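Take a look at the structure set out below.
Computed from a predicted model, the values in this text were never measured in an experiment.
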Amino acid sequence: MGLIVQKYGGTSVKDAERVMNVARRITNVYKAGNDVVVAVSAQGDTTDDLIAKANEINEKASKREMDMLLSSGEQISIALLAMAVEKLGFPVVSLTGWQAGFKTDSHYGTARIKTIDTERIKTELDRRRIVIVAGFQGLNKYDDITTLGRGGSDTSAVALAAALNADVCEIYTDVDGVFTADPRFVKNAYKLDDISYDEMLELASLGANVLHNRSVEMAKKYNVKLCVRSSLNDNEGTYVKEVEQVEKMLVRGVTRDNDCARVALCGVEDTPGKAFQVFQMLAKNGISVDLIIQSIGNGIKKDIAFTVTEGDLDTVLKLLEDHNSMIKADEIKWTKDVSKVSIVGAGMVNNSGVAAKMFEALSDAHININMIATSEIKISVLVDRNDAERAVNAIHDKFMLD
């Protein structure tokens, strides 16, 4: 038999009934003769509730103290799940991130895993215990608790699978797997049996919320076989792996990302190095820029437009205003009323006409394109947010993903 690493998200353990359901799943795998290590998220809306409690006390609390607070959510989950496994009569131990050997850097709130000392986990597995680990957290060189940020529990699970050389890492969530589009608003969307790391990484980065991109990056780096499946049924999930040939589809998925805002620098001097000055300044302040478009200009002035996450918009606008003596833009325009719609597929690189087909779908639906960006396996467009859902459906239908 093998070593199975599983991860359960907050919805999978949101109440006592769901916790017992997860406990039964875990013990069934254990009864089949496997070693089992489980990473668990905080229950339901626990993290949001803890943030709200913090804001009642101090809206500007330090990130260190926020990590101390937020890490408690996972600690509750692992203890309750271990209790449920105990009730079913199986040997089990719950471990916090630091007990499980997670060592991180010192970026509170967005820490990165540096190493995992697996000695404690291996000792517990040798005792034939089920090991339940708090996801999303670790310990830095100052012995302070750190959290890994968004998608941290996914990342914890994949890191455990890599460190322990697990046979598979199963990511349990409230959906059946990875779909060709969000099935909540694309009725013809269907589940994929498998998908490559690169395709999944693009989908995760472009708004698909099934897996976090950091966990996919790590899975690819260490060749961890992932399976995304539902904790609410026994349906087969979607395998994320290095595959030579998947289904003969040019486009594997269509995504929509509403977490973006467009900024335009109008009337910027058309001189060498101007774009470098703008984007170097943003990079130094930790701002990630996505789509970029620059007009040809008339030899004197040009326009530069780009997108950032909605949460970074206020910071970006302040930076641009503070540095406009260097940038010398005639006007700075911005809007939040945009969405990024993308198609992803490894088969696109060797096939012409994919972009034209996507643009035809949007034209037929009378949807205007604001910006465009491409790579070997993706094409992204920026559209008005009110048009985003229609855009996804139109593109999905055009490529006959149904």
message = On the six-membered ring of Y239, is K225 placed so that its NZ or CZ lies under 6.0 angstrom from the centre and within 45° of the ring axis?
response = yes

query = Hey, are R229 and D234 close enough for a salt bridge, meaning a charged N less than 4.0 Å from a carboxylate O?
reply = no

ask   = Are T309 and D312 linked by a side-chain donor-acceptor pair shorter than 3.5 Å?
value = yes

request  = Look at the side chain of T238 and the backbone N and O of L192, then say whether any donor-acceptor pair between them is shorter than 3.5 Å.
outcome  = yes

query = Any side-chain donor-acceptor pair under 3.5 Å between S62 and E65?
reply = no

remark   = dist R252:CZ -> L203:CG (nearest 0.5 Å) comes out at 9.0 Å

message = For the residue pair R128 and F90, would you count it as a cation-pi contact if the rule is NZ or CZ under 6.0 angstrom from the ring centre and within 45 degrees of the ring axis?
response = no

key: Shortest non-hydrogen contact between L320 and V263, atoms and distance   = CD1-CG1, 3.6 Å

task = Can you see which heavy atom on Q43 is nearest to which on D15, and at what distance?
result = NE2-N, 4.0 Å

query = Is K220 salt-bridged to D198, cutoff N-O under 4.0 Å?
reply = yes

task = Output yes when E269 and K301 qualify as a salt bridge under the 4.0 Å nitrogen-oxygen rule, no when they do not.
result = no

query = When rounded to the nearest 0.5 angstrom, what distance separates CZ in R214 from CZ in R112?
reply = 4.0 Å

ask   = Is the closest basic N to carboxylate O distance between K53 and E59 below 4.0 Å?
value = no

inquiry  = I'd like to know if R390 and D387 make a salt bridge, using a cut-off of under 4.0 Å between side-chain N and carboxylate O.
reply    = yes

request  = Specify the closest pair of heavy atoms between S12 and V22, including all atoms of both residues, with the distance to one decimal.
outcome  = O-CG2, 3.4 Å

key: Within 6.0 angstrom of K328 NZ, more than 12 heavy atoms from elsewhere   = no

Check ion pair K114-D105 (N to O, under 4.0 angstrom) = no

inquiry  = Whether the side chain of K103 engages the backbone of W98 through a donor-acceptor N/O pair (distance < 3.5 Å, no angle test) should be reported.
reply    = no

query = Quick one: does H323's side chain have a donor or acceptor within less than 3.5 Å of a partner on L319's backbone?
reply = yes

task = Please report the shortest heavy-atom distance between S375 and E202, naming the atom on each side.
result = OG-OE2, 4.0 Å

Exercise answer: donor-acceptor pairs, residues 273-287 side-chain atoms, under 3.5 Å, sequence neighbours excluded:
unit_1 : atom_1 : unit_2 : atom_2 : d
K274   : NZ     : Q277   : OE1    : 3.3
K274   : NZ     : M326   : O      : 2.9
N285   : ND2    : M281   : O      : 2.8

ask   = Is a side-chain donor-acceptor pair under 3.5 Å present for S71 with T147?
value = no

request  = Tell me yes or no: between the side chains of S363 and E360, is some donor less than 3.5 Å from an acceptor?
outcome  = no

Backbone N/O of C260 and side chain of T307: donor-acceptor pair under 3.5 Å = no

request  = Compare every heavy atom of I130 with every heavy atom of I26, then report the nearest pair and how far apart it is.
outcome  = CG2-CG2, 3.6 Å

Shortest non-hydrogen contact between A166 and V5, atoms and distance = CB-CG2, 3.7 Å

query = Looking at side-chain heavy atoms only, is the closest gap between L148 and I113 below 4.5 Å?
reply = yes

ask   = Got S153 and T155 here, is their nearest side-chain heavy-atom distance under 4.5 Å?
value = no

query = Salt bridge or not for K318 and D322, using N-O below 4.0 Å?
reply = yes

ask   = Are the charged groups of E170 and K7 less than 4.0 angstrom apart, N to O?
value = no

Any side-chain donor near an acceptor of the partner, N258 and S339, under 3.5 Å = yes

inquiry  = Keeping D384 on the side-chain end and V338 on the backbone end, is there a donor-acceptor pair under 3.5 Å?
reply    = no

task = Using atom types as modelled and distance alone, determine if a side-chain donor or acceptor of N34 lies under 3.5 Å from a backbone N or O of Y30.
result = no

task = Classify the ring geometry between Y172 and Y8 as parallel (under 30°), tilted (30 to 60°) or perpendicular (over 60°).
result = parallel

query = So, E217 and K221, do they make that salt bridge, N to O below 4.0 Å?
reply = no

ask   = S380 side chain to S342 main-chain N or O, any donor-acceptor pair under 3.5 Å?
value = no

message = Do R256 and F185 form a cation-pi contact, if we require the NZ or CZ to be under 6.0 Å from the six-membered ring centre and within 45 degrees of the ring's axis?
response = yes

